[in-house]
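I have placed the structure first, in the form of structure tokens, so that the comments after it can refer back to it.
This is a predicted model, so every value here is computed, not measured.
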Amino acid sequence: QVQLVESGGGSVQPGGSLRLSCTASGYVACMSWFRQAPGKERTWVSAISSGGGTTLYADSVKGRFTISRDNAKNTLFLQMNSLKPEDTGMYYCAADSSEPFCGSRRTFLYWGQGTQVTVSS
């Protein structure tokens with residue numbers, strides 16, 4: 001059983017930046033980021049292939065967020081720039097054990113516990 005642990009959340013003003021990390025306790029293949037705003041459903045944000053060469057973004061974050069990974073450290077990142085109040089929410093990483101690329105799918109074998117991001121003036 002692989003565990004995922006997110007970090008890097010916090011409170012920032014609109015226009016600010018944060019970098020989220022998600023460290024896996026073992027090997028994982030495709031990985032994704034999701035977020036859940038208060039009172040709303042969890043939504044997909046971004047995905048990256050097992051090798052890191054293929055990425056995909058939700059329209060709402062395209063051009064502002066960058067997903068990447070360091071496989072030597074089993075760590076996934078999400079660089080978030082030009083943050084907006086509507087980016088506020090709990091951010092979760094998710095991973096699969098064998099699929100090379102998961103795209104925007106919502107079912108995953110492994111989930112982290114989440115890290116809170118709050119964007120407010």
Side-chain angles (χ1 to χ4, degrees):
Q1 181 77 4
V2 174
Q3 293 185 337
L4 303 177
V5 179
E6 300 98 333
S7 62
S11 295
V12 295
Q13 294 185 341
S17 297
L18 283 173
R19 189 192 196 204
L20 306 184
S21 298
C22 170
T23 300
S25 61
Y27 171 80
V28 291
C30 64
M31 301 186 80
S32 293
W33 285 102
F34 289 78
R35 67 185 180 189
Q36 186 168 19
K40 296 187 177 181
E41 293 185 352
R42 188 178 300 185
T43 60
W44 171 80
V45 173
S46 183
I48 190 167
S49 60
S50 56
T54 302
T55 59
L56 194 64
Y57 298 93
D59 287 343
S60 58
V61 305
K62 199 173 296 182
R64 299 187 298 121
F65 290 11
T66 302
I67 190 171
S68 61
R69 64 191 294 168
D70 182 344
N71 285 340
K73 298 181 179 180
N74 287 342
T75 301
L76 174 72
F77 302 102
L78 186 67
Q79 178 67 44
M80 305 186 296
N81 299 329
S82 302
L83 283 162
K84 304 175 181 180
E86 51 263 44
D87 294 318
T88 294
M90 187 71 77
Y91 281 70
Y92 300 90
C93 66
D96 203 294
S97 60
S98 60
E99 288 292 326
F101 186 60
C102 295
S104 60
R105 82 177 206 205
R106 300 170 185 274
T107 57
F108 284 85
L109 188 60
Y110 307 118
W111 288 88
Q113 294 300 306
T115 185
Q116 178 67 37
V117 171
T118 302
V119 185
S120 174
S121 56

Please confirm whether the backbone N or O of Met90 pairs with a side-chain atom of Arg42, one donor and one acceptor, at under 3.5 Å? no

More than 12 heavy atoms from other groups under 6.0 Å of CD on Gln113: no

Under 6.0 Å from the CD atom of Glu86, do we count more than 12 heavy atoms belonging to anything else shown? yes

Side-chain (Thr88) to main-chain (Val119) donor-acceptor, under 3.5 angstrom: yes

Salt bridge check, Lys62 against Asp59: does any charged N sit closer than 4.0 Å to a carboxylate O? yes

Is there a path of hydrophobic side-chain contacts, each under 4.5 Å between heavy atoms of I, L, V, M, F, W or Y residues, that connects Val45 with Val5? no

When hydrophobic residues are tied together by side-chain contacts of less than 4.5 Å, even through go-betweens, does Leu109 share a cluster with Trp44? no

I'd like to know if the side chain of Arg35 and the backbone of Gly89 have a donor-acceptor N/O pair within less than 3.5 Å. no

side-chain contact (heavy atoms from CB on, under 4.5 Å) between Val12 and Met80: does it pass, once the steps are laid out? CA-CA 11 Å; Val12 295; Met80 305 186 296; over 6 Å; no

Point-to-point distance, once rounded to the nearest 0.5 Å, from CD of Glu6 to CD of Gln116: 12.0 Å

Residue pairs fulfilling ring pair (Phe, Tyr, Trp, His ring centres under 6.0 Å) with at least one residue in residues 101-121, sequence neighbours excluded: Phe34-Phe108, Phe34-Trp111, Phe108-Trp111

Enumerate, atom names and distances included, each donor-acceptor pair closer than 3.5 Å involving a side-chain atom of residues 15-28, sequence neighbours excluded.
{"unit_1": "Ser17", "atom_1": "OG", "unit_2": "Asn81", "atom_2": "OD1", "d": "2.9"}
{"unit_1": "Thr23", "atom_1": "OG1", "unit_2": "Thr75", "atom_2": "OG1", "d": "3.4"}
{"unit_1": "Ser25", "atom_1": "OG", "unit_2": "Gln3", "atom_2": "N", "d": "2.8"}

Is it the case that one hydrophobic cluster holds both Tyr92 and Met31, taking links as side-chain heavy atoms less than 4.5 Å apart, direct or via other members? no

Do you know which of Ile67, Leu56, Thr66 makes side-chain contact (heavy atoms from CB on, under 4.5 Å) with Ser46? Ile67

CG on Asp87 to OG on Ser60, rounded to 0.5 Å: 7.5 Å

Any side-chain to backbone donor/acceptor pair from Arg105 onto Thr107? Under 3.5 Å, distance only. yes

Phe77: what forms a ring pair (Phe, Tyr, Trp, His ring centres under 6.0 Å) with it, not counting sequence neighbours? none

Are Pro14 and Pro85 close enough that some pair of their side-chain heavy atoms sits under 4.5 Å apart? yes

